[in-house]
Amino acid sequence: VQLQASGGGLVQAGGSLRLSCVATGRAIDSSDMGWFRRTPGKPRDFIAAISRSGGSTRYADSVKGRFTISRDNAKNTVYLQMNSLKPEDTAIYYCAAALGRGIDYAGDNDYWGQGTQVTVSS
């Protein structure tokens with residue numbers, strides 16, 4: 001599975017962005033999917049996860065109520081809608097796939113995208 005993340009960019013605080021993660025090489029309908037982010041000098045942090053069917057989601061406390069993860073299995077794509085962005089949301093955002101199991105919040109997942117930069121100015 002190859003994961004291609006896109007949608008990052010520069011936005012002012014309070015603004016919104018939608019990230020996309022397109023999977024190729026294998027259908028993702030058997031995979032839980034997730035988003036993580038990394039800032040310089042820090043480990044990659046869990047942000048959000050969604051179950052195979054899309055019926056269950058989980059969020060880090062830092063983004064709960066502002067970010068929404070969703071998926072379209074027909075398009076082999078996972079999304080992260082980010083609203084009310086803050087400067088502390090500035091990071092490289094990565095999507096991940098876990099085959100036949102839940103997303104590992106510590107980062108032990110099967111496939112990773114290359115990352116997309118999100119920069120939030122104050």
Side-chain angles (χ1 to χ4, degrees):
V1 178
Q2 289 79 45
L3 302 177
Q4 180 73 39
S6 63
L10 174 63
V11 63
Q12 288 188 330
S16 299
L17 283 174
R18 188 174 83 152
L19 305 183
S20 299
C21 175
V22 179
T24 58
R26 182 185 179 126
I28 62 168
D29 55 4
S30 60
S31 303
D32 281 27
M33 303 292 294
W35 287 94
F36 293 72
R37 68 186 181 190
R38 175 180 282 161
T39 55
K42 295 185 179 181
R44 192 156 42 187
D45 289 329
F46 166 76
I47 295 301
I50 188 166
S51 62
R52 273 149 271 185
S53 67
S56 177
T57 57
R58 287 285 186 96
Y59 297 92
D61 288 342
S62 59
V63 305
K64 203 172 292 183
R66 299 188 297 122
F67 290 11
T68 302
I69 188 171
S70 62
R71 65 190 296 161
D72 184 339
N73 287 343
K75 295 182 178 180
N76 242 22
T77 302
V78 176
Y79 304 97
L80 185 67
Q81 178 67 43
M82 305 186 295
N83 298 329
S84 301
L85 282 162
K86 305 175 180 179
E88 52 264 43
D89 294 319
T90 295
I92 300 173
Y93 284 71
Y94 299 86
C95 57
L99 299 180
R101 60 187 176 100
I103 283 290
D104 183 271
Y105 301 155
D108 184 17
N109 297 296
D110 297 299
Y111 298 99
W112 292 90
Q114 85 292 357
T116 185
Q117 176 72 48
V118 172
T119 303
V120 184
S121 62
S122 57

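All values derive from a computational prediction rather than experimental measurement.
- Checked against salt bridge (charged side-chain N to carboxylate O under 4.0 Å, His left out), D110 has the following partners two or more places apart in sequence or in another chain: R101.
- A search for salt bridge (charged side-chain N to carboxylate O under 4.0 Å, His left out) contacts involving R18 returns nothing, not counting sequence neighbours.
- Using a distance-only test at 3.5 Å, with no hydrogens or angles considered, no donor-acceptor pair links the side chain of Y111 to the main chain of L99.
- Here the shortest heavy-atom pairing between A91 and T39 reads CB-CG2, 3.6 Å.
- K42 is linked by a side chain to side chain donor-acceptor pair (under 3.5 Å) to nothing, counting only residues two or more places apart in sequence or in another chain.
- Sorted by first then second residue, the disulfide (SG to SG under 2.5 Å) pairs that include residues 44-88, not counting sequence neighbours, number zero.
- Taking both residues in full, the closest heavy atoms of K64 and D61 are given as NZ-OD1, 3.1 Å, listed atom of the first, atom of the second, then distance.
- Judged by distance alone, the side chain of N76 and the main-chain N or O of I28 form a donor-acceptor pair under 3.5 Å.
- Between T68 atom OG1 and L80 atom CG the span is 8.0 Å, to the nearest 0.5 Å.
- Put simply, V11 and V63 are part of the same group of oily side chains (I, L, V, M, F, W, Y) that touch within less than 4.5 Å, one to the next.
- Using a distance-only test at 3.5 Å, with no hydrogens or angles considered, no donor-acceptor pair links the side chain of Q114 to the main chain of Q4.
- Annotation: salt bridge (charged side-chain N to carboxylate O under 4.0 Å, His left out) contacts of R37 (sequence neighbours excluded): D89.
- A search for side chain to side chain donor-acceptor pair (under 3.5 Å) contacts involving T119 returns Q117, not counting sequence neighbours.
- Counting only residues at least two apart or in different chains, ring-ring contact (aromatic ring centres under 6.0 Å, His included) contacts with residues 60-101 are absent.
- Using a 4.5 Å cut-off on side-chain heavy atoms (C-beta onward), L3 and M33 make contact.
- V78 and Y59 fall within a single hydrophobic cluster, where Ile, Leu, Val, Met, Phe, Trp and Tyr side chains are chained together by heavy-atom contacts under 4.5 Å.
- By the side chain to side chain donor-acceptor pair (under 3.5 Å) test, S51 is found to be paired with no residue, residues two or more places apart in sequence or in another chain being considered.
- From L17, atom CG reaches atom CD of Q81 across 8.5 Å, with rounding to the nearest 0.5 Å.
- Linking Ile, Leu, Val, Met, Phe, Trp and Tyr whenever their side-chain heavy atoms come within less than 4.5 Å leaves I92 and L19 in two separate clusters.
- Considering every non-hydrogen atom in both V118 and G8, the closest pair reads CG2-CA, 4.0 Å.
- Checked by atom type and distance alone, the side chain of R66 pairs as donor or acceptor with a backbone atom of S84 at under 3.5 Å.
- Listed by chain and residue number, nothing satisfies the side chain to side chain donor-acceptor pair (under 3.5 Å) test with E88 (two or more places apart in sequence, or in another chain).
- Between the side chain of N73 and the backbone N or O of R52 there is at least one donor-acceptor pair closer than 3.5 Å.
- Using a distance-only test at 3.5 Å, with no hydrogens or angles considered, a donor-acceptor pair links the side chain of N109 to the main chain of D104.
- Applying the ring-ring contact (aromatic ring centres under 6.0 Å, His included) rule to pairs touching residues 6-45 yields F36-F46, F36-W112, sequence neighbours excluded.
- Across D32 and G102, no two heavy atoms sit closer than the pair OD2-CA, 3.4 Å.
- Within the model, atoms CZ of R71 and OG of S20 stand 13.5 Å from one another, a figure rounded to the nearest 0.5 Å.
- Screening residues 3-96 for disulfide (SG to SG under 2.5 Å) gives C21-C95 as the qualifying pairs, with residues at least two apart or on separate chains.
- I103 contributes atom CD1, which lies 10.0 Å from atom CG of D108 (distance to the nearest 0.5 angstrom).
- Judged as a side-chain contact (heavy atoms from CB on, under 4.5 Å), and not counting sequence neighbours, the contacts of S30 are R26.
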